[in-house]
Amino acid sequence: MIPEIGHFSLLLCLPLALVMAVVPLIGVAAKNIVWMRFASTLAIMQWVLLFLSFLALSYSFFIDDFTVKLVTLHSNTALPWYFKLSAVWGNHEGSLLLWVFILASWTLAVGLASSSIPLVMKTRVLSVLAMISVGFLAFIIFTSNPFDRSLIMTPSEGNDLNPLLQDIGLIIHPPMLYIGYVGFSVAFAFAIAALLEGRFDAEWARWTRPWTNIAWAFLTVGIALGSWWAYYELGWGGWWFWDPVENASLMPWLAGAALVHSLSATEKRGVFKSWTILLALLAFSLSLLGTFLVRSGILVSVHAFASDPERGLFILAFLFIVVGGSLLLYALKAPIMKGGAVFALISRENLLLINNVLFAIALTVVLLGTLFPLVSTALDLGSYSVGAPYFNAMFAPLGLLTVFIMGFAPFIAWNRFTLLKQQSRQWILHLLLAIFLAMLLVSGLSHQYVADFNFLAFFIASLCLWLAVNTLSHFFFRIKHGGLSFHSLSQLSLSYYGMVIAHIGMAVMILGIGITSIYESQKDVRMAISDNVSINSYRYQLSEISSVTASNYDATRASVNVYHDSAGEPSRLITTLYPEKRFYRASRNMMTEAGIDASLSRDLYVSLGEQLEPGVWAVRVHVKPLVRCIWLGAILISLGAILATFDKRYKRSSAARSEPGLGSPSNH
Amino acid sequence: MRIRIQQYFLSCLLLVCCVLFVTTSFASSDAKNLLAFQSQEHRDRYYQLLDDIRCPKCQNQNLADSDAQIAYDLRNELYKLVQQDFTDDEIYRFMSGRYGNFVLYDPPLNAVTAILWLFPLGLFCLSIMIIAFRYRFSRPEEGHTDAD
Amino acid sequence: MISRLKLFAPLIIFSVIAAVFFRLENRMVSGEYDPSMLPSALIDHPIPEFSLPALSTERLLTNKDLPNQAYIINVWASWCISCRVEHAYLNALSQKGVAIIGLNYKDRPLDALQWLERLGNPYQFNLSDLKGQLALDLGVYGAPENYIVGADGIIRYRHVGILDDNVWRDKIVPLGLSW
């Protein structure tokens, strides 16, 4: 019964979305207000139906309804309830339903919240969102229906949820990621609406900014969560693998980062309209590209859903229509910059342009590296693979250059910047302070990890600390008259706070990436009970091996004591870690759970390998300095983006909320 | 009398055994490295190469991380090659000669793969030139500091 | 005008990428392309030098013992379930006169011999590759795999996975070897 309701709701959505894609646009052409306002009503209806559908599927998973094929394939009665629910999106069909539900949620949000946007533009935005919805709904209904039943010969037990997915990471990572991906569809829709209307002014940028910022914030969190999850779940200590699917999520993020900044320039100074529109189209196009790569079977990846090439063709057709269509529209109707630039070489506009360029190059690198193996195979040029050495080599200089330029960013004025003597003195002081701090940091690390003073680490640390110092000092400069009083703090806009926090977050993240890559160390050893292995001043001792049984797995668990040894002091027990090797009964899969002692300054990481002989185990131990900074930095970045979303200038026209009709606020 | 000496002797033997047993079970040793290398340099090279070679079966993992049987075999082979002082290049050719270029994470530089490096570099240079070129003719108005 | 044309660049780039994907997808649908299958690095190369004992007699065999006509080297093991599925087809092939040499990969000779007794022996002879040394030199990464070798001893094609009639028709017959 419940699955039927879910299925039926899903089926109803398709004609609804079709109506929503067509009728309001006819209303725009015919200047019919009723038909235009119908879009918002349809948005509400669609959301309710998809919510029901999603709820029905979740309920089926929750009660172990094995008549629904999806439940049989991906769930199991022994699974804890929270994993049963997250198993809903731990597979191709269910995750698509989540995707389209999130799309409906964003559409609803646009429908309800944007009373400051003129009706014509808002209608176009909603219709474009509906068109995207049509594509996804058609895909789900015709090729990937989550409500397929097996009513005859219903199994009494399911397979299991892939053990790798049985983790809190599955509960949050995909939803966050999807909210980000799908959120870019709003910016995309605004861009299409702008192209259709021929309107690219500052006001358009002002409407688009909050939607873009918050989508990008969620995507940042989603990617950071994925990285963190891989780190502790996969058991090898890696946090980014340049896996094609990871790259598929990085590309929209890079486009989004550029977009967030480009919109600022368009809003404040009316420049970069072409760039901004293109970036808005690209961000969502890249999200769609990611969807294609993951579900078409064209790539081999631990992240890829098991999918068949016919589905791939469907998505490709959809991609072609949406992306190709939007890029064609762009080519025909985007604004052309007349004349040369009207801003100085050293100006905020120019810095933002350089920023756009750097992110565009980074985007190209990822796109090129990810697609190259596919292209060379398709054109029979040979079989190649591109991995970390290439991407790291390209990203290192790009990232550091970006950090360097960001350091100047808050100080450089719009239009033209003249360097005052006191300012240059101030910057030199900042630089010296940063170098000093970097020296302390790297010396400390070298001492702690008994390594040489690494000049690359010093260089990276100096740059990142310089960025942080500069940004903070700008903040203190802004409040220098009022001090840290509530009054002076509240004078600054949320947008500004967003910038400060996000830029500091970037400094923290790059610092973490650089330091951990250079100073991390690991050892592979054979250990018997009471054996020790040391990395610098940390000593790992295997104290016990025991067996553990949980509801759906059996495990061998090691107890590893970690001591801190330093000359002249007694050994100090820091913690005990419990790495496990788990055997999941239903799927008969083996998994490694690492034992981690986390702290901001370093992670201590142990993973258990195989039993080499009775009583002797292969063990891998790591020490990873500053690795948590990577995710802390990412969290700060998304926090900054969220703050910027709620800046009060985006709510400016709330006074006009009660105005009905076409003539709401802006009349240019 | 003799029996008592025998008993005495056996008890001493037993006691000695117990003492030995107890003391050795408290002895903890330093864990031996999983693999023995000729030198630290050999060890470092081995671990570096493990990261640089892709597992042919679990294609998105390197030899260091993969649990596949072939990865295990290739790790052993790599160990042998490193101990026999093969250079990095020779090892890469060994692996790609058998498994194709695909197993090298760093693709060999040839006419086809050159585009990976040249295209972004070209884009970068082009951008710098365009930006620099455009501003030779600009006439900006008075600037204002809006540090928002 | 030129500026307008510049705006077509993203569309053109996208079209190229989409065309590549389309071609790959088509190839996947027709079964020609499987991303997890690596092309062999030894196509148009001779069989690597080896010296391995025969499975049944333990006599040491080398490259000289390989046939002078076209033959298949079939990589198999008693622990490999897919090999069991493939075996019936190999039996049929050998009855039609196709020469098949077995490479017993990382197996226990006793288990392998028992397996052949139960399921039939299509092989002219079997090489016992206990440590997988020849397999490594061939670039084997799983079982079953089949190497199609010409009369001149040059490898023409490598098929990863179960050999069946479809593969024979679509991939091996077109090589034009005389069986």
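Letters A, B, ... are given to chains in the order of the sequence lines, protein chains preceding strands, and every chain is numbered from 1.
Annotation: A/Ile346, atom CD1; neighbour count of heavy atoms from other residues, nucleotides and ligands within 6.0 Å does not exceed 12. No more than 12 heavy atoms of other residues, nucleotides or ligands sit less than 6.0 Å from atom CZ of B/Phe119. Summarising the local packing, CD of A/Glu613 is surrounded by more than 12 heavy atoms from other residues, nucleotides or ligands at distances under 6.0 Å.
With a threshold of 4.5 angstrom between heavy atoms, A/Ala409 does not approach chain B through any atom at all. Heavy atoms closer than 4.5 Å to chain A are found nowhere in B/Ile128, neither backbone nor side chain. Using a 4.5 Å cut-off between heavy atoms, A/Val386 contacts chain B through both its backbone and its side chain. Using a 4.5 Å cut-off between heavy atoms, B/Ser96 makes no contact with chain A at all. Using a 4.5 Å cut-off between heavy atoms, A/Leu542 does not touch chain B at all. Using a 4.5 Å cut-off between heavy atoms, A/Leu358 contacts chain B through its side chain alone, with no backbone atom that close. Only the backbone of B/Leu104 comes within contact range of chain A, with at least one heavy atom under 4.5 Å from a heavy atom of that chain.
With rounding to the nearest 0.5 Å, the separation of CD1 in A/Ile354 from CD1 in B/Ile131 is 5.0 Å. Atom CD1 in B/Ile115 sits 11.0 Å away from atom OG in A/Ser376 (nearest 0.5 Å). The distance from the CD1 atom of B/Ile53 to the OG atom of A/Ser385 is 11.0 Å, given to the nearest 0.5 Å. Interatomic distance, B/Tyr105 OH to A/Phe241 CZ, rounded to the nearest 0.5 Å: 9.5 Å.
Side-chain contact check for B/Phe124 versus A/Leu401: some heavy-atom pair is nearer than 4.5 Å. Counting only heavy atoms from C-beta outward, the side chains of B/Pro120 and A/Leu368 approach each other to under 4.5 Å. Counting heavy atoms from C-beta outward, A/Asp524 and B/Tyr47 have side chains that approach closer than 4.5 Å.
A donor-acceptor contact closer than 3.5 angstrom links the side chains of A/Tyr384 and B/Asn110.
Counting heavy-atom pairs closer than 4.5 Å to chain B, the top residue among A/Val619, A/Thr364, A/Ile361 is A/Ile361. When the candidates B/Asp106, B/Asp51, B/Leu121 are compared by the number of heavy-atom contacts under 4.5 Å with chain A, B/Asp106 comes out ahead.
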- Message: If you apply the rule side-chain contact (heavy atoms from CB on, under 4.5 Å), what do you find for A/Tyr390 with B/Trp117, and how did you get there?
- Response: CA-CA 9 Å; A/Tyr390 171 71; B/Trp117 303 95; 3.6 Å; yes

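The shortest non-hydrogen separation linking B/Ala64 to A/Arg620 is O-NH2, 3.3 Å.
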